[in-house]
Amino acid sequence: MPRAAENWGTTMNKRHDDEQQPATGTPNTRPPVPDPLTQELAQLGQNAARPGGDLLARVLADAEAVQAGYRRAEHRPTRPTPTAAAEPDTAPLRWWRMPLGLLGGAQGLAGLASAAVAGFWIGAYPPASVADIGASFWGVSIIVEIDDDLFFDLED
Amino acid sequence: MPKDHAKAAGQEARHPTPDAALMVLYANGDPGAAQMLAARHLPRVLAFATRMLNDAAEAEDIAQEAMMRLWRIAPDWRPDVAKVSTWLYRVTANLCTDRLRQRSRLGDLEDTTEPADSTPGAEATLIVADRAKALQQALADLPERQRQAVILRHIEGLDNPTIAQVMDTGVEAVESLVARGKRGLSARLAPRRRELGYDHE
């Protein structure tokens, strides 16, 4: 017999006859289901474009060409500097290993450091010629290639 | 010697070389490292670029350029700063943004490119293909940042902190972009619900 909505001094909005109901699931206890849109998006991902042999070949050819450049740079004797680093310099001399004076002192270095981190994240890199220890290395301003178009405004 | 190669391959399958190690190997001239990195990462890069640009040919250009940047940064790779996959997503996202801005500068405001994966299907699968096409088009109509967030979250399956790294923003902003993006998609798909068979669910 359903319990009457007894007056406890408050307005009863709910029927309190749960004890008399069989223990089947109610709408409130249904397990969460991913919304249809999420499922559709996941399905879209199943049909992802696969790289063709052509693209892979081009990518690997690029890799080999760049790697060959590293091998050439490694075999070149490193130029001794007055502030020779403690570690043996076996890798191609990167621009941030140059003597501090050539980089504009500590102030210049701070700007370059933040540019370097920013550069790391957007895939910028010094011109290939900088990795080679050549005459142009000493007379050139240190420039990290950053394409202006890559800096976008946040929409939000 | 064949025996050594087989042993090495077996070991590789059980203990795949971490990306950070592959980057060092590659920078130091290892002949197999690039192939492994490409096998691991090129598919995702291409898939993401294709979703963002809705153009297969442009996506291939972007994918090749993103991988090129990976090869170029190898000697300076910072495993403490990022995972290779996250880094590639971000570079790809930036390249896609750049390409999309070029498109709009050229006056191509209407995205008239054919969806990259439009597939004519048999009658039985036609409704599914139509839905996929409609969803891809609705994605293409979203504002770029919302599109990026939705793709990274629900197609690429990244978690919000990773997406925040890729998009150079905060986790809350990511959540907001995903939510707004999904509302935008629902709104764009709503007029076509009956036609696409959603109302039967």
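Residues A:D54 and B:E60 fail the side-chain proximity criterion, which asks for heavy atoms closer than 4.5 Å. Residues B:K182 and A:D35 meet the side-chain proximity criterion, which asks for heavy atoms closer than 4.5 Å.
Heavy-atom distances place the side chain of B:L139, and not its backbone, under 4.5 Å from chain A. The contact between B:V150 and chain A is made entirely by side chain atoms (from C-beta outward), counting heavy-atom distances below 4.5 Å. Proximity to chain B (any heavy atom under 4.5 Å) is shown, for A:L56, by both the backbone and the side chain.
A donor-acceptor pair under 3.5 Å is formed between the side chain of B:R51 and the backbone N or O of A:L44. Not one N or O on the side chain of A:Y70 forms a donor-acceptor pair closer than 3.5 Å with the backbone of B:Y26. In this structure a side-chain-to-backbone donor-acceptor pair under 3.5 Å is present from B:W71 to A:V59.
Along residues 30-42 of chain B, the residues that come nearer than 4.5 angstrom to chain A, judged on non-hydrogen atoms, are B:D30, B:A34, B:Q35, B:A38, B:L42 in order of number.
Note that CZ of A:R71 and CG of B:N28 are 11.0 Å apart. Values are rounded to the nearest 0.5 Å. From B:T50, atom OG1 reaches atom CG of A:N47 across 12.0 Å, with rounding to the nearest 0.5 Å. Taking CZ of A:R58 as the reference point, atom CG of B:D61 lies at 7.5 Å (rounded to 0.5 Å). Atom CZ of B:R69 and atom CG of A:D62 lie 12.5 Å apart (nearest 0.5 Å).
Contact between B:A47 and A:A48 at its shortest, heavy atoms only, is CB-CB, 3.8 Å.
Remark: B:S186 pairs with no residue by the side chain to side chain donor-acceptor pair (under 3.5 Å) rule, at least two apart or across chains.
Summarising the local packing, CD of A:Q39 is surrounded by more than 12 heavy atoms from other residues, nucleotides or ligands at distances under 6.0 Å.
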